[in-house]
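When a ligand or atom number is given, it counts from 1 through the structure's own listing order. If you read the sequence from its start, that first residue is 1, and numbering goes on from there.
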Amino acid sequence: MGAYVRPRELRAALEVLAGSDGQVIAGGTDIFPARAHAAAWGAPRDSDLLDVTAIEAMRGISREGFGWRIGAATSWAALRDTALPPGFDALREAARQVGGRQVQARATLGGNLCNASPAADGVPPLLVLDAEVELASLNGSRRLALGDFLLGNRRTARAKDELLVAIHVHEAMAQSPSVFLKLGSRAHLVISIVMVAANAAGRVAVGSCSEVARLLDGRGLSPIDDVRATADYRRLAAAELVARARERLAA
Ligand SMILES: Cc1cc2nc3c(=O)[nH]c(=O)nc-3n(C[C@H](O)[C@H](O)[C@H](O)COP(=O)(O)OP(=O)(O)OC[C@H]3O[C@@H](n4cnc5c(N)ncnc54)[C@H](O)[C@@H]3O)c2cc1C
């Protein structure tokens, strides 16, 4: 069994991270199923765990300067239950649809982004919000656009000694009404086949159709084929969801 640490201070967590080969853990809802799966194929299950959920600087949603700051360890339940400006409606709708209530209570927005699944429901709403992520290490912190943070399926720009600390959204984006629509094989507790977020400023993002969710920018979609749906089905479903999202915003 590896070590388990749960510091309260960001600095202490960064020191642990700099000196270890362990794994960062927040809600554990992606890590534990993945570790169990890997263990079933013979991988060791005993790497050290650095739990970031007690770090005050990584929790909660607050106003800052000309925008909003969401701590990376903020749970989906907190997002779901917090009154926020209309630009966050898409993100809060995604929060209501991630897993079930138990998953929403444990799982975090930061975990969703760092896990970097093509089907991560948090990504399209944050792309539409033009969100930036803040990464910190012992050498300092940096901010980059979410689109530059997500590099591919399960790949991000996070260096090994960095923690995702917060997500930042500019006030102008926070005020633009937004919607989120998700298509799965059933209504609840399901991984997306296609999801779409859109806002009144005309930004539209589609997820689950490519390695990384992306903003529609005039280029056509070239969706993936996988166990959940064919590329053709995804193309039709995405077009339908985009049309519905625009109708809702117009209404
Ligand atoms: C039953 C079930 C249903 C689910 N349904 C959905 C769904 O509908 N939609 C969806 O998008 N996802 C779904 N998920 C996946 C998962 O719940 C989400 O992706 C969740 O947001 C992950 O957050 P977490 O805090 O649990 O991440 P964790 O499992 O703790 O971590 C995930 C990854 O991120 C890294 N990490 C976490 N936080 C940080 C940080 N602050 N800095 C650096 N690295 C970090 C970890 O090292 C790990 O690699 C589901 C999972 C389960 C088990």
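- Not a single heavy atom of Ala73 sits closer than 4.0 Å to an atom of ligand 1.
- The distance from the CG atom of Asp81 to the CZ atom of Arg92 is 7.5 Å, given to the nearest 0.5 Å.
- Annotation: Gly27 places an N or O atom under 3.5 Å from an N or O atom of ligand 1; distance criterion only.
- In this structure, the protein non-hydrogen atom closest to atom 52 (C) of ligand 1 is Val103 CG2, 4.0 Å.
- Among Leu144, Leu151, Leu113, Leu135, the one residue that satisfies the side chain to side chain contact (heavy atoms under 4.5 Å, CB included) test with Arg158 is Leu135.
- A 4.5 Å side-chain heavy-atom check between Leu126 and Phe149 finds every atom pair outside the cut-off.
- Residue-environment remark: CD (Glu56) stays at or below the threshold of 12 foreign heavy atoms within 6.0 Å.
- The shortest contact between atom 26 (O) of ligand 1 and any protein heavy atom is with Thr29 OG1, 2.6 Å.
- In Ala119, the part holding a heavy atom less than 4.0 Å from any atom of ligand 1 is the backbone.
- Other residues, nucleotides and ligands place more than 12 heavy atoms under 6.0 Å from the CZ atom of Arg154.
- Considering only non-hydrogen protein atoms, atom 27 (O) of ligand 1 sits nearest to Gly111 CA, 3.4 Å.
- Within 6.0 Å of atom CZ in Arg6, more than 12 heavy atoms from other residues, nucleotides or ligands are found, so the atom counts as buried in its surroundings.
- Contact annotation: for Lys160 versus ligand 1, there are no heavy atoms closer than 4.0 Å.
- Ligand 1 has no nitrogen or oxygen under 3.5 angstrom from a nitrogen or oxygen of Ile191.
- Of all the heavy atoms of Arg158, the ones lying under 4.0 Å from any atom of ligand 1 belong exclusively to the side chain.
- Put simply, CD on Gln97 and CD on Gln104 are 9.5 Å apart, with the number rounded to the nearest 0.5 Å.
- A salt bridge links Glu93 to Arg96: at least one charged side-chain nitrogen sits closer than 4.0 Å to a carboxylate oxygen.
- By the 6.0 Å contact criterion, CZ on Arg106 is open, its count of non-hydrogen atoms from other residues, nucleotides or ligands being 12 or less.
- Nearest non-hydrogen protein atom to atom 46 (C) of ligand 1 is Val24 O, 3.1 Å.
- Annotation: Arg235, atom CZ; neighbour count of heavy atoms from other residues, nucleotides and ligands within 6.0 Å is above 12.
- Inclusion of Val98 in the set of residues having an N or O under 3.5 Å from an N or O of ligand 1 is not warranted.
- Between Gly99 and ligand 1, a contact under 3.5 Å exists for at least one N or O pair.
- If you check which protein heavy atom lies closest to atom 12 (N) of ligand 1, you get Asn112 ND2, 3.8 Å.
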CA sep, side-chain torsions, deciding dist, call: Val194, Glu240, side chain to side chain contact (heavy atoms under 4.5 Å, CB included): CA-CA 10 Å; Val194 178; Glu240 179 62 28; over 6 Å; no

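- Taking only nitrogen or oxygen atoms, main chain and side chain alike, Gly122 does not reach within less than 3.5 Å of ligand 1.
- At most 12 heavy atoms of other shown residues, nucleotides or ligands fall within 6.0 angstrom of atom CZ in Arg101.
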Derivation of the side chain to side chain donor-acceptor pair (under 3.5 Å) call for Ser178 and Arg203: CA-CA 9 Å; Ser178 62; Arg203 292 170 71 89; over 6 Å; no

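- At least one heavy atom of Trp76 lies less than 4.0 angstrom from ligand 1.
- Taking OG1 from Thr230 and CD1 from Ile224, the interatomic distance works out to 11.0 Å, rounded to the nearest 0.5 Å.
- Nearest to atom 48 (C) of ligand 1 among the protein's heavy atoms is Ile31 CG1, 3.6 Å.
- One N or O on the side chain of Arg234 and one on the backbone of Ala229 form a donor-acceptor pair closer than 3.5 Å.
- In this structure, of Gly28, Ser208, Ala72, Ala107, the residue bringing a heavy atom nearest to atom 20 (C) of ligand 1 is Ala107.
- Near Met58, with a cut-off below 4.0 Å to any heavy atom, the atoms of ligand 1 are 41 (N).
- Here the protein heavy atom with the shortest distance to atom 8 (O) of ligand 1 is Lys182 NZ, 2.9 Å.
- Checking only distances, Arg106 never comes within under 3.5 Å of ligand 1, N or O to N or O.
- Listed by number with element, the atoms of ligand 1 under 4.0 Å from a non-hydrogen atom of Gln97 are 8 (O).
- Residue Thr108 holds the heavy atom nearest to atom 25 (O) of ligand 1 of all those in Thr108, Asn115, Leu109.
- In this structure, atom 42 (N) of ligand 1 has a protein heavy-atom contact shorter than 4.0 Å.
- Comparing Val165, Asp30, Asp121 by heavy-atom distance to atom 19 (O) of ligand 1, the nearest is Asp30.
- Atom 35 (C) of ligand 1 has Cys114 CB, 3.6 Å as its closest protein atom, hydrogens excluded (heavy atom only).
- Considering backbone and side-chain atoms together, Gly110 places no N or O closer than 3.5 Å to any N or O of ligand 1.
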